[in-house]
**Student:** 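Before we start, here is the structure in question, set down as structure tokens.
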Amino acid sequence: MRPRTLDEFVGQEALLGPGRALRAAIERDAAPSMILWGPPGSGKTTLAQIVARSTGAYFEGLSAVGAGVADLRRVVRESQARRRAGTRSVLFIDEIHRFNKAQQDAILPYVEDGTVTMIGATTENPSFEVNSALLSRARVFVLAPLSDDDVGMIVDRALADRERGLGAKGVRLDADARKLLISLANGDARAALNSLEFAAASAAARDGDPTIDAALVRDAAQRRSSQYDKSGEMHYDIVSAFIKSVRASDPNAAIYWLARMIDGGEDPLFIARRLVILASEDVGLADSTGLQVAVAAQQAVHFVGMPEGFYPLAHATLYLANAPKSNAVGRAFGAAMDDVLETRNDPVPMHLRNAPTGLMRGLGYGKGYHYAHDDYDVVQVNLPPALSERRYYQPDEKKRRFE
């Protein structure tokens, strides 16, 4: 069911809709080298093949998982030969973020001189994973997850198409099953089609009416297609949303982002560490019990493991989200560190110094010190004289809760 033309391509209207620059470039045979950045099943490989087909170019596909410099050199030699014969080449590199710097550098001259039109596909932010020299020679196009309407159109086409789809099998998809299939696909066309094909095979094997129902879809899909990547940008985006939701005293959003991380297989101790930091950074002295709860959650998760570890993580998340907020701890430390870095590091005042020997006491170490438990009425300066007026700690308490 892979689309063969731009007119068959579903979704990505912002890139390929009428009048859009990329579509116009493809149609006038002027497609540049590019990097397609988007989630799984959004059409990256399909679009690369359409570019090659639309421009009459030879399509050469490599996966960065298994390909090396020797493969790239072979592709270059063959592309140079085709170029001399008047045929251009499109080099598609799937998962280009897995190429190391040497591999990316190896293809660079041939992208620059036009030996190949390179199309790289990646699910990772190319700003971090692709070197700047290659980025400067390729356009980056961002593909969005397919909408539910897009996935629905793809599913309907697959059911109706008698040549490449399931139309000849007479399989039907009831309304509830269709809705569930689209939801479980999570914007991934490949996941939707794979699940549909598996469910259709099971339905066709039944005696009687080969109708795919919701139970069959659920069995075929097993679970929703997850786009979470513990080492990719999604990891950082979701944990950022989690932290900011707790800070904003929004327990509903906080528990949702926690569930997204756990569903994606995030390291539970990573989540626990973030909660411990939040307990001091954002709740702080407004509710010091928050730190105890967070540390207890870390110990509990380490002790019981997953999946039951979600209980203490959820417990700590909801406690911290509902707790009053104060960032006085961080502000106090930050202000003190600024003075440490930006002012003279004066000696410790004599009355605060340790005096373990007679020589040191004779030099005045410890002289004039007032033991706070006995001389609690005495105001004693404990900062270096040059900083004696500094007030780093400014107590505050911001109570924000969402019921």
Side-chain angles (χ1 to χ4, degrees), residues 235-236 239-240 242-249 254 267-303 309 312-313 315-401:
H235 159 86
Y236 297 102
V239 75
S240 176
F242 173 68
I243 291 166
K244 289 169 182 173
S245 298
V246 173
R247 180 178 296 142
S249 297
D267 178 3
L269 292 178
F270 167 80
I271 301 172
R273 286 193 293 274
R274 295 310 315 178
L275 288 167
V276 171
I277 295 167
L278 277 164
S280 282
E281 181 183 3
D282 294 300
V283 175
L285 298 172
D287 183 354
S288 291
T289 303
L291 183 57
Q292 299 173 32
V293 171
V295 171
Q298 182 273 329
Q299 294 175 340
V301 170
H302 186 69
F303 179 64
L313 291 175
H315 182 158
T317 295
L318 293 173
Y319 187 95
L320 296 178
N322 282 294
K325 304 297 189 293
S326 169
N327 64 356
V329 170
R331 286 189 291 110
F333 181 80
M337 183 57 76
D338 287 343
D339 273 350
V340 168
L341 297 176
E342 297 172 8
T343 68
R344 265 180 71 114
N345 285 178
D346 287 330
V348 174
M350 296 296 284
H351 65 282
L352 295 178
R353 296 190 190 187
N354 188 32
T357 69
L359 174 62
M360 297 168 81
R361 288 190 292 274
L363 291 172
Y365 281 47
K367 185 177 181 180
Y369 172 66
H370 294 278
Y371 185 59
H373 293 285
D374 295 336
D375 299 335
Y376 54 85
D377 292 329
V378 176
V379 177
Q380 181 171 257
V381 176
N382 297 307
L383 283 166
L387 301 175
S388 61
E389 299 301 319
R390 289 288 200 274
R391 296 294 179 267
Y392 302 116
Y393 171 57
Q394 302 292 335
D396 67 358
E397 185 174 313
K398 302 180 183 71
K399 293 187 177 181
R400 294 191 61 204
R401 293 188 176 92

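Every value quoted in this text rests on a predicted model; they were computed, and no experiment measured them. Note that the numbering runs from 1 along the sequence shown for the chain. As a basis for the values below, the full set of heavy atoms in this structure was taken, side chains included, without hydrogen atoms, waters or symmetry mates.
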**Student:** Mind jotting down which residue pairs meet the side chain to side chain donor-acceptor pair (under 3.5 Å) criterion with at least one end in residues 378-388? Sequence neighbours excluded, please.
**Tutor:**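 Output for this query lists Gln380-Asn382.
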**Student:** Among all residues two or more places apart in sequence or in another chain, which pass the salt bridge (Lys or Arg N to Asp or Glu O under 4.0 Å) test with Arg391?
**Tutor:**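 Salt bridge (Lys or Arg N to Asp or Glu O under 4.0 Å) list for Arg391, sorted by chain: empty.
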**Student:** Under a 4.0 Å N-O cut-off, is there an ion pair linking Lys325 with Asp282?
**Tutor:**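 Between Asp282 and Lys325 there is no salt bridge, as every charged N stays at least 4.0 Å from the carboxylate O atoms.
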**Student:** Is there a donor-acceptor pair closer than 3.5 Å between any side-chain N or O of Arg331 and the backbone N or O of Gln394?
**Tutor:**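 Pair found, side chain donor or acceptor close to backbone of Gln394.
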**Student:** Check whether any side-chain heavy atom of Phe303 lies under 4.5 Å from a side-chain heavy atom of Gln299, and answer yes or no.
**Tutor:**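 They are not in side-chain contact.
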**Student:** Do Asp287 and Tyr319 come close enough that some side-chain heavy atom pair is under 4.5 Å?
**Tutor:**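 When only atoms from C-beta onward are counted, Tyr319 and Asp287 do touch, with a gap below 4.5 Å.
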**Student:** side-chain contact (heavy atoms from CB on, under 4.5 Å) for Val329 and Tyr393? Distances and angles first, verdict last.
**Tutor:** CA-CA 7 Å; Val329 170; Tyr393 171 57; over 6 Å; no
**Student:** How many angstroms lie between CG in Leu285 and CG in Asn327, if you round to the nearest 0.5 Å?
**Tutor:**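 The CG atom of Leu285 sits 10.5 Å away from the CG atom of Asn327.
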**Student:** What's the shortest heavy-atom distance between Pro384 and Pro349, and which atoms?
**Tutor:**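 Closest approach of Pro384 to Pro349, heavy atoms only: CA-CG, 4.1 Å.
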**Student:** I need the minimum non-hydrogen distance between Ala336 and Tyr392, along with the two atoms involved.
**Tutor:**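 Result for this residue pair: N-CD2, 3.5 Å.
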**Student:** Distance from Leu291 atom CG to Leu278 atom CG, nearest 0.5 Å?
**Tutor:**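 If I round to the nearest 0.5 Å, the distance is 11.0 Å.
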**Student:** For Ile243, does its backbone N or O pair with a side-chain atom of Arg274 as donor and acceptor, under 3.5 Å?
**Tutor:**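 No: the side chain of Arg274 does not pair with the backbone of Ile243.
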**Student:** Please assess Val379 against His370 for the test side-chain contact (heavy atoms from CB on, under 4.5 Å), listing each intermediate value before the final yes or no.
**Tutor:** CA-CA 9 Å; Val379 177; His370 294 278; over 6 Å; no
**Student:** Going from OH on Tyr369 to CG on Leu352, what distance comes out if it is rounded to the nearest 0.5 angstrom?
**Tutor:**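 Taking OH in Tyr369 and CG in Leu352, the distance rounds to 8.0 Å.
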**Student:** Working to the nearest 0.5 angstrom, can you tell me the gap between Arg353 CZ and Met360 CE?
**Tutor:**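 If we round to the nearest 0.5 Å, Arg353:CZ and Met360:CE are 8.5 Å apart.
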**Student:** Quick one, Arg273 and Asp267 - any side-chain contact, counting heavy atoms below 4.5 Å?
**Tutor:**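 Yes, their side chains come closer than 4.5 Å.
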**Student:** Check the pair Val239, Phe270 against side-chain contact (heavy atoms from CB on, under 4.5 Å), reporting the backbone distance first and the verdict last.
**Tutor:** CA-CA 10 Å; Val239 75; Phe270 167 80; 3.6 Å; yes
**Student:** Any idea which heavy atoms bring Ala297 and Ala316 closest together, and the distance?
**Tutor:**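 Shortest heavy-atom contact: CB-CB, 3.7 Å.
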**Student:** Please check: side-chain N/O of His315 versus main-chain N/O of Ala294, any donor-acceptor pairing under 3.5 Å?
**Tutor:**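 No, because the side chain of His315 does not come within donor-acceptor range (under 3.5 Å) of the backbone of Ala294.
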**Student:** Does some side-chain heavy atom of Leu387 sit less than 4.5 Å from a side-chain heavy atom of Thr343?
**Tutor:**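 Contact flag for Thr343/Leu387 side chains = yes.
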**Student:** Indicate the atoms forming the closest heavy-atom contact of Thr317 with Ala254, along with that distance.
**Tutor:**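 Residues Thr317 and Ala254, closest heavy atoms: CG2-CB, 3.7 Å.
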**Student:** Atom CG in Leu320, atom CD1 in Ile277: separation rounded to 0.5 Å?
**Tutor:**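 Going from the CG atom of Leu320 to the CD1 atom of Ile277 covers 12.0 Å.
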**Student:** What are the two closest heavy atoms between Val301 and Pro268, and how far apart are they?
**Tutor:**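 That would be CG1-CB, 3.6 Å.
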**Student:** Give the C-alpha distance, both sets of side-chain angles, the deciding distance and a yes or no for side-chain contact (heavy atoms from CB on, under 4.5 Å) between Leu275 and Gln298.
**Tutor:** CA-CA 8 Å; Leu275 288 167; Gln298 182 273 329; over 6 Å; no
**Student:** Determine the minimum heavy-atom distance between Asn322 and Leu318, stating which atoms define it.
**Tutor:**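 So the two residues come closest at ND2-O, 2.9 Å.
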